[in-house]
Participant: 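Mind looking over this structure? Questions follow.
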Number of protein chains: 2
Amino acid sequence: MGITIKKIASELKLAVSTVSKALAGSHEISPETRQRVVEYARSVDYIPNAYASSLRKRTTGNIGVVLPEVADSFFSDAINGIESVARQKGYHVIIYLTHDDQQKEQAILNDFRSGRVDGVLMSVSLGDGSHTHIEEMAAQKPLVFFDRAWQDVTAARVLTDDVESGYNATHHLLEKGCRRIGFLSVHKNLNIIQQRLQGYKNALADHGRPVRDEDIIDCTHPDTNYDTLKTLLTNPNPPDGLVCSVESLTLLAYRVCHALNLAIPNAVRVVGFSNLGIAALLNPPLTTITQPAFAMGQAAATLLFNALERRTKADVPELKILPSVLHERASTQ
Amino acid sequence: MGITIKKIASELKLAVSTVSKALAGSHEISPETRQRVVEYARSVDYIPNAYASSLRKRTTGNIGVVLPEVADSFFSDAINGIESVARQKGYHVIIYLTHDDQQKEQAILNDFRSGRVDGVLMSVSLGDGSHTHIEEMAAQKPLVFFDRAWQDVTAARVLTDDVESGYNATHHLLEKGCRRIGFLSVHKNLNIIQQRLQGYKNALADHGRPVRDEDIIDCTHPDTNYDTLKTLLTNPNPPDGLVCSVESLTLLAYRVCHALNLAIPNAVRVVGFSNLGIAALLNPPLTTITQPAFAMGQAAATLLFNALERRTKADVPELKILPSVLHERASTQ
DNA sequence: ATGAAAGCGCTAACAT
DNA sequence: ATGTTAGCGCTTTCAT
């Protein structure tokens, strides 16, 4: 087995506690001893056992990041933001993927209670399930939601200005002359979707347009979304504008339009939430609502470390809202 | 603090060892006691401390996955493949990102020696640094490379048929009538690149074409790649075909062509390695060499678990090669 | 079938 | 400034 503190101690004829303190850079230990220990440890390539240390200290030096997937450009950017601050704090980032499955999400959060992480950053999975597993976890460890959050769980959150973003996207289409605008939504109980939808409705109202229920398309089920969109766009009076509330739906809309030979933007204008670096390379270049993913990751991680360092809960959960940006491109020209 | 085995034992007037065994489903324990313990544990929502258990058992139930980034579609698909088999084996997957920085990679692998993971899956970072940190780690724990591997490190590996893929891409362009084909390469010491390049050379040779050094473009430095490509494509005698050896270069080539108003495929045909689901939505639809990313992740994880279960190294490192597929689209029409 | 005891490697009181 | 001791929560001999 590897080198342990005990071996170092016996080799150097010191007590294990002395070695432990020396390695931790304690000022209780004389500079000479400290240096002797540190040098010897390096020479034998001593690596402390992280789990033994965690067990004793009752902290892990890990933060857990729970997300639906990693293929979405928002999430991959956000991870980088999270990592940038975690690295600075000397923490490890452990990524857990739920694949938007609440069962898996539940299993993961349960597992956190076994003491693998000190705190959790999370963007919730779609679904109608209860949120008690989240609440139970949040009762034990600091939790910060980013982007996708549940209202009924008390926790800090980092969001974008979703109402405004939805408003801007819709307003933009109306300005371009769209007469009938479809809103592609996923799970309606998800807050960010409700907000984006609210923005959509507000914009229609401000332009004196009615909100029509049949223009709000539920695309919650990946398997049927393609057909749903196809039906929508081939009906006698199809929308001439589309607000896509998440990246996957944006790309799906493109796919369907391509398949149907529907010209974007002539037949239908498309604006979608997306952080794709290649939005400009799509056919046609895609007008996007781009969220500050990296900054959101940073902000969420910062909030979490604040909580970790306080070791006491803020009585009123913190909320941070960062603005998204509309990038106009050919898909809405 | 949480519920521990000790509390359960005292509550049930049993020894901790009895409780431990009962919870582990040992047949040393009578069915009645076992059930009594299990039920009580569930009723008080007992969660075992993962680190205490790891410390004692000397295994962690974690596998580490080390990759450059997560924004590349190959990697995000591969992660899903890895997770699918890890979940089945009851293991946790911990993802570590190197951002293609060998320093970070080294820090991560070093950290593994502190006993956070039982084995490692890895796609190496670009760079000229030594590989001793990898070798040292591989000496202590099972390691499986997938896709990006170093030749000089003895470890199992899961690769694609890179020579053939490079050959096919180049052959395809030649068939389409390209006269001068550029090969966009990254770090030449990376094996997959050498192989893809070899395929490129073989194809040229088979078509009786010379291999010209100036057609092999080194795009190792993200900051200068844009200018490098711009120079290449604006020189008096530019290539009329491009083989892009990694996804990021494929997208960069598109970006540069768009910026220069160079028509794809008329002015220059482009084929690139990529697993992007949206290749068909690009302008124009992109001809890709698509690797079986999910299957590679599965294969690599399977190899790792084999090693973990054997607890003994195969004397000759295993090698698994899966075929890539050429998807022909408009960018090479 | 159950229990007592030791110990994984480390840290932190508490002596000295 | 250094050492002694106890113990984090668990598993695993080795008794009984």
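Please read all numbers here as calculations on a predicted model, not as lab measurements. Letters A, B, ... are given to chains in the order of the sequence lines, protein chains preceding strands, and every chain is numbered from 1. Values below: all heavy atoms of this structure, side chains included; hydrogens, waters and symmetry mates excluded.
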Participant: Using whole Å, report how far NZ of B/Lys7 lies from C1' of D/dC8.
Facilitator: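 After rounding, the gap between these two atoms is 13 Å.
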Participant: Backbone N or O of A/Val124 within a donor-acceptor pair of the A/Arg148 side chain at under 3.5 Å?
Facilitator: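 Yes; at least one donor-acceptor contact below 3.5 Å.
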Participant: Using atom NZ of A/Lys13 as one end and atom P of D/dG3 as the other, report the distance to the nearest whole Å.
Facilitator: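 A/Lys13 atom NZ is separated from D/dG3 atom P by 12 Å.
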Participant: Select base, sugar-phosphate, or nothing to describe what A/Ser30 touches, counting heavy atoms under 4.0 Å on all strands.
Facilitator: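 Sugar-phosphate only.
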Participant: B/Lys57 has an atom NZ; how far is it from atom P of D/dT12, in whole Å?
Facilitator: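 Whole-Å distance recorded here is 7 Å.
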Participant: Name every residue in residues 36-54 of chain A that has at least one heavy atom under 4.0 Å from any atom of DNA chain D, in order of residue number, or write none if there are no such residues.
Facilitator: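 Going residue by residue through residues 36-54 of chain A, none turns out to have a heavy atom under 4.0 Å of DNA chain D.
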Participant: How many whole angstroms separate atom NZ of A/Lys6 from atom P of D/dT4?
Facilitator: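 From A/Lys6 NZ to D/dT4 P: 14 Å.
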Participant: Rounded to whole Å, how long is the line connecting atom CG of A/Leu14 with atom P of D/dA1?
Facilitator: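 After rounding, the reported distance stands at 14 Å.
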Participant: Atom CG of A/Leu55 and atom P of C/dC10: how far apart are they, to the nearest Å?
Facilitator: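 Taking atom P of C/dC10 as the reference, CG of A/Leu55 is at 12 Å.
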Participant: If you assign A/Ser20 and A/Glu28 each to the DNA chain C nucleotide with the nearest heavy atom, which residue ends up on the more 5' nucleotide?
Facilitator: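 Mapping each residue to its closest nucleotide by heavy atoms, the 5'-most match is A/Ser20.
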Participant: Output the rounded distance in Å from CZ (A/Arg58) to C1' (D/dA6).
Facilitator: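 After rounding, the gap between these two atoms is 14 Å.
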Participant: Look at all strands and tell whether A/Thr4 reaches a base, only sugar-phosphate, or nothing, counting heavy atoms closer than 4.0 Å.
Facilitator: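 Here A/Thr4 touches the backbone only, sparing every base.
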